[in-house]
Number of protein chains: 2
Amino acid sequence: MTSHDNDAFKPIATVDLAIFSLSPAGLSVLLVRRANAPFSGDWALPGGWIHIDEDADLEAAARRVLKEKTGVETPYLEQLQTTGSRTRDPRGWSISIVYIALLSADDVAERQGGMAGEAEWRPIGGEGVGLSLAFDHAALLKEALGRIRSKVEYSSLPGHLLPVHFTLSELQSVYETLLGRKLDKSAFRKRMAEADFLEPVEGEMRRASNRPAQMFRLKDAQSLALFDRTL
Amino acid sequence: MTSHDNDAFKPIATVDLAIFSLSPAGLSVLLVRRANAPFSGDWALPGGWIHIDEDADLEAAARRVLKEKTGVETPYLEQLQTTGSRTRDPRGWSISIVYIALLSADDVAERQGGMAGEAEWRPIGGEGVGLSLAFDHAALLKEALGRIRSKVEYSSLPGHLLPVHFTLSELQSVYETLLGRKLDKSAFRKRMAEADFLEPVEGEMRRASNRPAQMFRLKDAQSLALFDRTL
DNA sequence: AGAATAGTGTCTTTGAGACACTATACC
DNA sequence: GGTATAGTGTCTCAAAGACACTATTCT
């Protein structure tokens, strides 16, 4: 047995989540207020220790944290990156494995009030949430935003933030919000048709005081589809 | 203090590296033969425990391992992903943070024989090295290859595998090797000029029994430049 | 001059963007 | 018919690929 089987030499390991959804104000992230030291009272990304007796693997740990904080079980979930250093947590050498989760608007609507206490959706303004966050979470959130904004250009990512059924106009609107620029309707529809990650919901139409619109759903709500080219 | 300050609840944490270079047979990866259990005698990606008294952060740990195994200090280094589960290491719940390193051909030439014993360059054939590897390292290597192959399409990645000075023809040839297809010379040169990550080495020319070729170097040997569009 | 590779110019085709048009509902 | 949004067609322009041509060295 080496000295490293002595647990005093092991770093601390947590899983932290950047959980995103759409609110009327645009893209929002879920933050929790810390109850305990360190950083007691500060806002932070939801997270928790890895439970080696309970979690089969890292993704299971991330899903457990997500379930605890939001009640949602099967969102889009992707590993972002891992940070670790001697100084990021005053309690000692610490590692954080960060995941990004995208919640469908349906999930968010269902869970109104059913969320863990002291958790709150904060809209994203420019670089972040305009709050100082615990640990290095402000930097982690910035990384997560960078990843999301870059993926909007070449993936089905925005579709995972909408309700399960949506129209092409609604989808285009989310792309425009996240990209911060207008897209051409004709070109957009051509790209969606090529990309082939949507399927029409037969018979379902969005009705209003105008021509009804075909509703669509993602062919696979668990994974992103990537485009050949950029939008 | 919670029960998780008891170290028996902490997972094991290691840093593992997929170190790539170019050999006459094409892209190669550095493997080491394990001296101790578990998987004693098997080939594995080079790696090691995080030394919480010595490593300031994860990247420092990766650089330390790289230096120990190859002697190289400043290659291109990027975090790939983190795996962790109860079953991947028989000693217990274990996390591996995986990094990709790209070694310049100059570094490899210098270190001939200066490498740690029982380390060996293995050429990549299709999906992997054609060996069964310790732990889940075969899957990790496959992920690393996927990342590399995808980045060749839209980044300066191949330039990091060449000697510090190289010609455009040599660079094109590496792109072609990694992509597995031929590229048009004219289009390739236009793209490289736009991408703007190369600078000519004034006065230096590759001489042979034909027209001499201008030599180039990367403007930044530590980071990748990304293209707007795909090759 | 011939061989070999470096480096550039041109033509054709493809695809994205701009924009206008048609379609179908409610009022 | 008027209005509002859905959905499609067309034209233009720019970028990418194919390919041919010129340039420069050594033998």
Side-chain angles (χ1 to χ4, degrees), chain A residues 150 152-156 158-159 162-163 165-217 225-231, chain B residues 150 152-156 158-159 162-163 165-217 225-231:
Chain A
S150 113
V152 172
E153 288 278 359
Y154 60 92
S155 82
S156 62
L162 284 168
H165 293 178
F166 50 84
T167 69
L168 287 177
S169 296
E170 289 163 351
L171 183 60
Q172 181 176 343
S173 166
V174 179
Y175 273 94
E176 290 173 342
T177 299
L178 296 179
L179 288 172
R181 68 171 199 270
K182 289 288 178 184
L183 298 173
D184 179 80
K185 180 167 60 164
S186 173
F188 179 77
R189 284 162 186 245
K190 275 182 234 163
R191 299 286 274 113
M192 292 303 114
E194 283 168 32
D196 192 41
F197 60 84
L198 298 175
E199 57 186 7
V201 185
E202 296 301 338
E204 285 239 16
M205 307 292 273
R206 160 89 67 238
R207 340 197 98 256
S209 64
N210 51 31
R211 176 171 174 176
Q214 178 62 53
M215 304 212 63
F216 291 83
R217 74 160 75 90
L226 304 181
F227 306 159
D228 290 348
R229 295 180 184 74
T230 195
L231 274 178
Chain B
S150 113
V152 173
E153 288 278 359
Y154 61 91
S155 83
S156 61
L162 283 168
H165 293 180
F166 50 84
T167 68
L168 287 176
S169 295
E170 289 163 351
L171 182 60
Q172 181 175 344
S173 166
V174 179
Y175 273 94
E176 289 173 342
T177 299
L178 296 180
L179 289 171
R181 69 170 198 271
K182 287 288 177 184
L183 298 173
D184 180 79
K185 181 167 58 164
S186 174
F188 179 77
R189 284 163 186 245
K190 274 182 235 163
R191 299 287 275 112
M192 292 303 113
E194 282 169 33
D196 191 41
F197 61 84
L198 297 176
E199 57 187 6
V201 184
E202 297 302 338
E204 285 239 15
M205 307 290 274
R206 161 90 65 237
R207 340 197 98 259
S209 63
N210 51 29
R211 176 172 174 177
Q214 178 62 52
M215 304 212 63
F216 291 83
R217 74 161 77 89
L226 304 181
F227 306 160
D228 290 349
R229 295 181 182 76
T230 196
L231 273 179

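Note on naming: letters A, B, ... go to the chains in the order of the sequence lines (proteins, then strands), and numbering restarts at 1 for each one.
Here C/dA6 presents its P atom at 16 Å from CD of B/Glu204, a figure rounded to the nearest Å. Between B/Met215 atom CE and D/dT25 atom P the separation is 16 Å, expressed in whole Å. Summarising the geometry, the separation between CZ on A/Phe188 and P on C/dC19 is reported as 20 Å, rounded to the nearest angstrom. Spacing between atom NZ of A/Lys190 and atom P of D/dG9 amounts to 10 Å, rounded to whole angstrom units. For the pair B/Leu183 CG and C/dA6 P, the computed distance is 15 Å after rounding to whole Å. The nearest whole Å value for the distance from the CE atom in A/Met192 to the P atom in C/dA16 is 12 Å. Rounded to an integer number of Å, the gap from CZ of B/Arg191 to P of D/dA18 is 14 Å. Distance NZ (A/Lys182) to P (C/dA18): 13 Å, rounded to an integer number of Å.
Side chain B/Lys185 to base C/dG7: a donor-acceptor pair is found below 3.5 Å. Evaluation of atom-type donor-acceptor distances gives a pair under 3.5 Å for the side chain of A/Arg211 against the base of D/dA6. Between the side chain of A/Ser186 and the base of C/dG17, no donor-acceptor pair of N or O atoms lies under 3.5 Å.
Note on A/Arg189: a side-chain N or O is less than 4.0 Å away from OP1 or OP2 of D/dG7.
Residue B/Ser169 is classed as a sugar-phosphate contact, given heavy-atom separations below 4.0 Å to backbone atoms only. Nucleic acid contact class of B/Arg207 (heavy atoms, under 4.0 Å, all strands): sugar-phosphate only.
Along DNA chain C, the nucleotide closest to B/Gln214 and the one closest to A/Glu194 are compared, and the more 5′ of them pairs with B/Gln214. Taking the nucleotide of DNA chain D with the nearest heavy atom to each of B/Ala208 and B/Thr230, the more 5' of the two is matched to B/Thr230. Remark on DNA chain D: of its neighbouring residues B/Asn210 and B/Asp184, the 5'-side contact belongs to B/Asp184, judged by nearest-heavy-atom nucleotide.
Picking from D/dC26, C/dT10, C/dA25 the nucleotide with the shortest atom distance to the side chain of A/Pro212 gives C/dA25.
Atom CG of A/Leu183 is separated from atom OH of A/Tyr175 by 9.5 Å, given to the nearest 0.5 angstrom. Here OG of B/Ser150 is found 12.0 Å from CG of B/Leu178. Values are rounded to the nearest 0.5 Å.
No side-chain heavy atom of B/Phe216 sits less than 4.5 Å from a side-chain heavy atom of B/Glu204. Taking 4.5 Å as the limit, some side-chain heavy atom of B/Met192 sits within range of a side-chain heavy atom of B/Phe227.
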Self-check item: Evaluation steps, side chain to side chain contact (heavy atoms under 4.5 Å, CB included), between B/Asp184 and B/Lys190
Solution: CA-CA 10 Å; B/Asp184 180 79; B/Lys190 274 182 235 163; over 6 Å; no

